Amino acid sequence: MSNSGSAIVAPWLIVIGIGEDGVAGLGDEAKRLIEAAPVVFGGARHLELAAPLIGGERHIWQSPFERSVEAIVARRGSPVVVLASGDPFLYGVGATLARRVDAAEMHTIPAPSAFSLAASRLGWPLQEVATVSLHGRPLDLIRPHLQPGARVLALTSDESGPKALAGLLAESGFGQSRLTVLEALGGASERVSRHLASGFAMEEINALNVCALEVVADADARVLTLANGLDERLFEHDGQITKREVRALTLSALAPRKGELLWDIGAGSGSIAIEWMLADPAMRAVAIEASSERAARIGRNAVRFGVPGLVVVEGQAPEALRGLPQPEVIFIGGGGSEPGVMEAAIAALAPGGRLVANAVTTEMEAVLLARHAQFGGSLIRIDIARASPVGAMTGWRPAMPVTQWSWIKA
C-alpha cells in the first residue's frame, strides 16, 4: 500500500454502499456526506441513484478502472465520496481502493450486499450457503461448488448470466437443480422467479441479478468430491497422469497452505496442479509441460474442474522455468532426470520451500536417491496393486512402484 510520504490520518475518502432503492435506502450520515462532497465518483447507475443529493463534481468510472483509482489517490487529503453497489468490501471497489489507501484514511458505510438481500428473500442462512462472484469472472468457477444438496448464491455479470449458468448445470449432470433468479434486489423492479436448470427458458432478464442454486445431481453428474485423489476418468488424459492413489499421497506430501504458489513441472494432464488449486480458491499454480498437445489438454482440464486461473507454460524445463514467479512449493512429476531440472527447481525455492518429486523410472529414482543422500528429507516407496480378472477368477495386478522424495529447503 502506497501513501506518498505525508502524515494524513483523518478519513478523507468516504466509500458509501448504495442499493437499488437509491436515496431512500441511505442513512442520515450517508446522505449528509454525499451532499457535502465536493466530488463524487461512481458508476453511471450509482450517480443516477444518488443524483438528488449530489451537488459537487460527478466522475463516472473510467476505462481502464485504474485511471479512476489514480484520480482518487491524487486527491489525497481532500474530501472524496465513492459510491459503490451494496457492500463495497464484498467483491467491490472498497477492496481495490484499500490496496492504495490506508484504512485509517477511509470511512466506509456499507449497504446490504446482493448476497445478503438474496438470502433474506429466500430465507437461507447465509453462513450455510456457498457464495461466488461470477461478475467479470469465468463461469466455470461455479463447478467446485456443485455438490449434491448444496445451496449456492452466484452473482452474475449481466442478463445472459442465468441462461449460461443453467446451460452449464445441464451439461454437467445437474439439470434437475432448482435455479432461482433474483433481479434488481431492493428496487422497484425487483423480481424473483424459480426455474429448473434443464428447462430454463427465461427471457428479458435484468442485468443486475443473483442466481440461487439448489443443487441436485443426476446419477452421471460430474461431482468433484472433496477428498484428494479424484477419479482419473474425470480428467482428459493420454495415460500421462498421476494415478489417483499416488496423487492423494502426493497432495498430502505437498501439504497445501492457503494462497501458496505451486510449480507442477512435467505436468502431463495437470492433475496435481488442478487438485492443488481445488484445495482453496486462494491457491495458485503454474503447470509446465513440454508437449503442446498436453499443454492444451491441461488448459481444458483446468476449465472443466473450475480452476481456469491455472497458468499453463508450454516449454521444456529448466529453460521454461526462467522468469516465473517464485514458488512456495514445487512438484516434479516428469522430466526430473533431464539435465539441470532438479538443480533449477532447488535453486528456485525460497528457504522453507517444499519440493516433492515422484519417480517411476530407474533413472529418475537414481536422481532422487542421490538428492536424498545429499540433502536429506523423506524418501518413501509407493506400491499399489489392483484386483483384476485372471481368467474366470480375480488376482492382484501391481502397478509400477513410485519412489517419492519430499524435502524442505533450509
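Being a predicted model, the structure only gives us computed values, none of them experimental.
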Reported CD1-to-CZ distance for the pair I346 and R371, which is rounded to 0.5 angstrom
4.5 Å

Counting C-beta onward and ignoring hydrogens, is there a side-chain heavy-atom pair between V93 and F65 closer than 4.5 Å?
yes

With no hydrogens and no angle check, is any side-chain donor or acceptor of R100 less than 3.5 Å from a backbone partner on T96?
no

Apply side chain to side chain contact (heavy atoms under 4.5 Å, CB included) to residues E232 and H237 and explain how you reach the verdict.
CA-CA 8 Å; E232 288 106 88; H237 65 90; 4.2 Å; yes

Mind listing the closest non-hydrogen atom pair of Q404 and I382 along with its distance?
NE2-CD1, 4.1 Å

Evaluate the side chain to side chain contact (heavy atoms under 4.5 Å, CB included) criterion for residues T131 and L126: first the C-alpha distance (whole Å), next the side-chain angles of each, then the deciding distance (0.1 Å), finally the verdict.
CA-CA 9 Å; T131 58; L126 196 52; 4.2 Å; yes

Quick one: do D87 and S116 satisfy side chain to side chain donor-acceptor pair (under 3.5 Å)? Show the steps, please.
CA-CA 9 Å; D87 184 348; S116 294; over 6 Å; no

Any cation-pi pair here, R222 with F174, using under 6.0 Å and within 45°?
no

W276 side chain vs R284 backbone, donor-acceptor pair below 3.5 Å:
yes

Which value, rounded to the nearest 0.5 Å, describes the distance between R58 atom CZ and L83 atom CG?
10.0 Å

What is the distance from atom CD1 of I272 to atom OG1 of T250, rounded to the nearest 0.5 Å?
5.0 Å

Flag the pair Y91 / L134 as yes when at least one side-chain heavy-atom distance between them is below 4.5 Å, and no otherwise.
no

One pair to check against side chain to side chain contact (heavy atoms under 4.5 Å, CB included): L117 and V210. What are the steps and the verdict?
CA-CA 10 Å; L117 291 171; V210 178; over 6 Å; no

Donor-acceptor check, side chain of E275 to backbone of L230, threshold 3.5 angstrom: yes or no?
yes

What verdict does the salt bridge (charged side-chain N to carboxylate O under 4.0 Å, His left out) test give for R386 and E245, after you've listed the backbone C-alpha separation in whole Å, the side-chain angles of each residue and the deciding distance to 0.1 Å?
CA-CA 11 Å; R386 295 182 176 86; E245 299 88 352; 2.7 Å; yes

Donor-acceptor contact present, side-chain T180 to main-chain R194, <3.5 Å
no

Backbone of A295 reached by a side-chain donor or acceptor of E314 within 3.5 Å
no

Does H135, at its NE2 atom, have more than 12 non-hydrogen atoms belonging to other residues, nucleotides or ligands within less than 6.0 Å?
no

Heavy-atom neighbours of R300 CZ exceed 12 at 6.0 Å:
yes

Closest heavy-atom pair and its distance - E105, W12
OE1-NE1, 2.7 Å

Quick one, H145 and L213 - any side-chain contact, counting heavy atoms below 4.5 Å?
no

Heavy-atom count around E204 CD within 6.0 Å, excluding the residue itself: above 12?
no

Beyond-backbone contact of I109 with L26, side-chain heavy atoms, under 4.5 angstrom
no

Quick check: do P110 and F89 have side-chain heavy atoms less than 4.5 Å from each other?
no

Can you tell me how far CD1 of I14 sits from CE of M106, rounded to the nearest 0.5 angstrom?
9.0 Å

Compile the donor-acceptor pairs under 3.5 Å between side chains in residues 36-51 and protein atoms, sequence neighbours left out, one pair per line.
{"residue": "R45", "atom": "NH1", "partner": "E20", "partner atom": "OE2", "Å": "2.3"}
{"residue": "R45", "atom": "NH2", "partner": "S85", "partner atom": "OG", "Å": "2.9"}
{"residue": "H46", "atom": "ND1", "partner": "G43", "partner atom": "N", "Å": "3.1"}
{"residue": "H46", "atom": "NE2", "partner": "S85", "partner atom": "N", "Å": "3.4"}
{"residue": "H46", "atom": "NE2", "partner": "S85", "partner atom": "OG", "Å": "2.8"}

Side-chain donor/acceptor pairs under 3.5 Å, residues 324-333, sequence neighbours excluded:
{"residue": "Q326", "atom": "NE2", "partner": "A348", "partner atom": "O", "Å": "3.0"}
{"residue": "E328", "atom": "OE1", "partner": "L261", "partner atom": "N", "Å": "2.6"}

Any donor-acceptor pair under 3.5 Å from S177 side chain to V216 backbone
yes

Is it the case that the side chain of N206 and the backbone of E183 share a donor-acceptor pair, with hydrogens and angles ignored and the cut-off at 3.5 Å?
no

Does S113 use its side chain to pair, donor to acceptor, with the backbone of G86 at less than 3.5 Å?
no

Counting C-beta onward and ignoring hydrogens, is there a side-chain heavy-atom pair between R247 and N228 closer than 4.5 Å?
no

Within a radius of less than 6.0 Å around CG of L234, do more than 12 heavy atoms belonging to other residues, nucleotides or ligands occur?
yes

Nearest heavy atoms of G186 and E190, plus distance in Å:
N-OE1, 2.7 Å

Heavy-atom closest pair, residues K258 and D280:
NZ-OD1, 3.0 Å

Within the structure provided, determine whether M202 and P162 are in side-chain contact (heavy-atom separation under 4.5 Å).
no

Just by distance, do the side chain of N301 and the backbone of S269 share a donor-acceptor pair under 3.5 Å?
yes

Tell me, with the steps shown, if L226 and Q147 meet side chain to side chain contact (heavy atoms under 4.5 Å, CB included).
CA-CA 9 Å; L226 302 179; Q147 302 290 324; 3.9 Å; yes

Are V223 and P148 side-chain neighbours, meaning at least one heavy-atom pair lies under 4.5 Å?
yes

Atom pair OG/CH2 of S378 and W407 - distance to nearest 0.5 Å
14.0 Å

Residues, nucleotides or ligands: over 12 heavy atoms within 6.0 Å of D28 CG:
no

Any chance you could measure T156, atom OG1, to L182, atom CG, to the nearest 0.5 Å?
11.0 Å

Closest heavy-atom pair and its distance - L368, N358
CD1-C, 4.2 Å

Could you tell me which non-hydrogen atom of F115 sits nearest to which non-hydrogen atom of S133, and how far apart they are?
CZ-N, 4.4 Å

Quick check: are there more than 12 heavy atoms from other residues, nucleotides or ligands sitting under 6.0 Å from NZ of K163?
no

Charged N to carboxylate O under 4.0 angstrom, E260 versus R354?
yes

Pairing of E365 and R381 as salt bridge, 4.0 angstrom limit:
yes

